[in-house]
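Chain A is the first sequence line, chain B the second, and so forth, proteins listed ahead of strands; every chain is numbered from 1.
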2 protein chains.
Amino acid sequence: MNVIDYKDSRPIYEQIASYYKRLILLGALEADEKLPSVRTLAIELSANPNTVQKALDVLGREGFIYTVIGRGNFVMNTDSLKKAREQEIVGRIAELLNEAREIGSDPETVIADAKKRLEVSEPELTVREDAV
Amino acid sequence: MNVIDYKDSRPIYEQIASYYKRLILLGALEADEKLPSVRTLAIELSANPNTVQKALDVLGREGFIYTVIGRGNFVMNTDSLKKAREQEIVGRIAELLNEAREIGSDPETVIADAKKRLEVSEPELTVREDAV
DNA sequence: ATAAGTGTACTATGTCTCATAGTACACTTA
DNA sequence: TAAGTGTACTATGAGACATAGTACACTTAT
């Protein structure tokens with residue numbers, strides 16, 4: 001699978017963890033769904049079982065999965081995870097807006113420019129700015 | 001000086017580079033101003049001259065400073081640097097908004113929440129939302 | 001011309017993280 | 001009982017990072 005990117009400077013275990021964090025937050029994996037075993041994942045991802053285990057450690061510590069000894073790893077309920085991630089995003093955007101203001105850029109302008117770059121996915125819900 | 005933080009996971013040379021990037025973008029250092037020498041900086045920052053040199057390499061490659069052999073390192077003009085950084089910020093915010101939408105959060109709500117966290121620095125220019 | 005200060009380029013050493021390989025053990029399930 | 005599961009070790013190698021030390025070409029002040 002195309003999960004590991006050797007041009008990416010991040011460690012492999014972190015890339016694997018990020019990949020599953022994204023899948024879980026997107027709802028691509030259902031709650032209580034069983035993940036492939038450590039050894040199976042190692043083969044699928046072309047990585048070492050120890051590296052996969054390290055990625056699963058991260059996912060477990062951060063509340064994305066839970067473990068049942070002898071049975072496997074399972075996807076955690078996503079409600080609280082989504083809320084937590086949303087708060088991270090809000091905080092990060094606030095930091096960036098503060099920096100923009102520090103270097104003399106207007107936060108409102110920055111926000112407007114960022115909106116222009118948003119991928120349009122629901123055109124029927126989009127209001128064209130110049131139509132107001 | 002309190003530039004290097006050993007609790008910070010980033011390498012020292014990157015911390016030093018980030019510190020000067022920030023100073024330059026904020027306008028705390030004027031264009032064509034001379035930086036302290038590599039050896040002087042090493043003492044001031046309590047770091048190794050080689051590590052300082054590596055940080056200056058980064059600053060030079062990214063256009064924050066320029067070098068005159070035998071004389072020293074000097075601060076680059078900040079106009080284009082600020083514009084480039086603003087574009088980075090815009091792109092990063094767009095990425096975060098896309099992710100928020102992917103996990104079911106409304107981008108407009110996220111933006112509103114981020115604005116609430118902005119530090120108030122110019123109250124005379126701030127319009128209270130509930131007063132509209 | 002000389003000395004001091006400048007950036008720069010090396011070698012060498014030690015520490016740490018990361019990734020891999022291999023082995024072993026306790027648990028659950030078929 | 002056998003197979004599959006997570007988990008915990010040891011060991012090895014590669015690479016990034018930081019430090020120490022030395023050296024050289026350049027510019028500037030004396």
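- A donor-acceptor contact shorter than 3.5 Å is absent between the side chain of A/Glu14 and the backbone of A/Ala55.
- Taking side-chain N and O atoms only, A/Thr67 has no distance below 4.0 Å to OP1 or OP2 of D/dG6.
- The existence of a salt bridge linking B/Glu99 and A/Arg22 is excluded, since no basic side-chain nitrogen approaches an acidic carboxylate oxygen closer than 4.0 Å.
- Under the Watson-Crick or G-U wobble criterion, with both distances below 3.5 Å, C/dA3 is paired with D/dT28.
- Taking all atoms of both residues into account, the shortest heavy-atom contact from B/Ile4 to B/Ala47 is CD1-CB, 3.7 Å.
- Within the 3.5 Å criterion, the main-chain N or O of A/Val38 finds no donor-acceptor partner in the side chain of A/Gln53.
- Under 4.0 angstrom from either OP1 or OP2 of C/dT6 there lies no side-chain N or O belonging to B/Asn73.
- When atom types are taken as modelled, the side chain of B/Glu33 and the backbone of B/Phe74 share no donor-acceptor pair closer than 3.5 angstrom.
- With rounding to whole Å, B/Lys34 atom NZ is found 10 Å from C/dG7 atom C1'.
- As a whole-Å value, the separation of A/Ile69 CD1 from C/dA26 P is 12 Å.
- A straight line from CG of B/Leu56 to C1' of C/dT6 spans 12 Å, rounded to a whole angstrom.
- Per the geometry, CG belonging to B/Leu35 stands 19 Å off P belonging to C/dG5, to the nearest Å.
- Nearest to the side-chain atoms of A/Gln53 among the listed nucleotides C/dT8, D/dG6, C/dT6 stands D/dG6.
- Judged by distance alone, with hydrogens and angles left aside, the side-chain atoms of A/Thr78 form no donor-acceptor pair with the main-chain N or O of A/Leu81 at under 3.5 Å.
- Base pairing annotation: D/dA23 forms a Watson-Crick or G-U wobble pair with C/dT8, both donor-acceptor distances under 3.5 Å.
- In terms of phosphate contacts, B/Arg71 brings no side-chain nitrogen or oxygen within less than 4.0 Å of OP1 or OP2 of D/dC26.
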Give me, pair by pair, the N or O atoms of the protein and of nucleotides 14-21 of chain D that are less than 3.5 Å apart, along with how far apart they are.
residue	atom	partner	partner atom	Å
D/dA18	OP1	B/Ile12	N	2.1
D/dT19	OP2	B/Asn48	N	3.2
D/dT19	OP2	B/Thr51	OG1	2.9
D/dA20	OP2	B/Asn48	ND2	3.3
D/dA20	N7	B/Asn50	ND2	3.1
D/dA20	N6	B/Asn50	ND2	2.9
D/dG21	O6	B/Asn50	OD1	3.4
D/dG21	O6	B/Asn50	ND2	3.3

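- Along DNA chain D, the nucleotide nearest A/Asp57 and the nucleotide nearest B/Gly70 are compared for position; the residue whose nucleotide lies closer to the 5' end is A/Asp57.
- Heavy-atom nearest nucleotides on DNA chain D were determined for B/Arg39 and for A/Gly72, and the one closer to the 5' end corresponds to A/Gly72.
- Judged purely by atom type and a 3.5 angstrom limit, B/Glu86 has no side-chain atom pairing as donor or acceptor with the backbone of B/Lys83.
- Rounded to a whole Å, the CD1 atom of B/Ile65 is 15 Å from the P atom of C/dT6.
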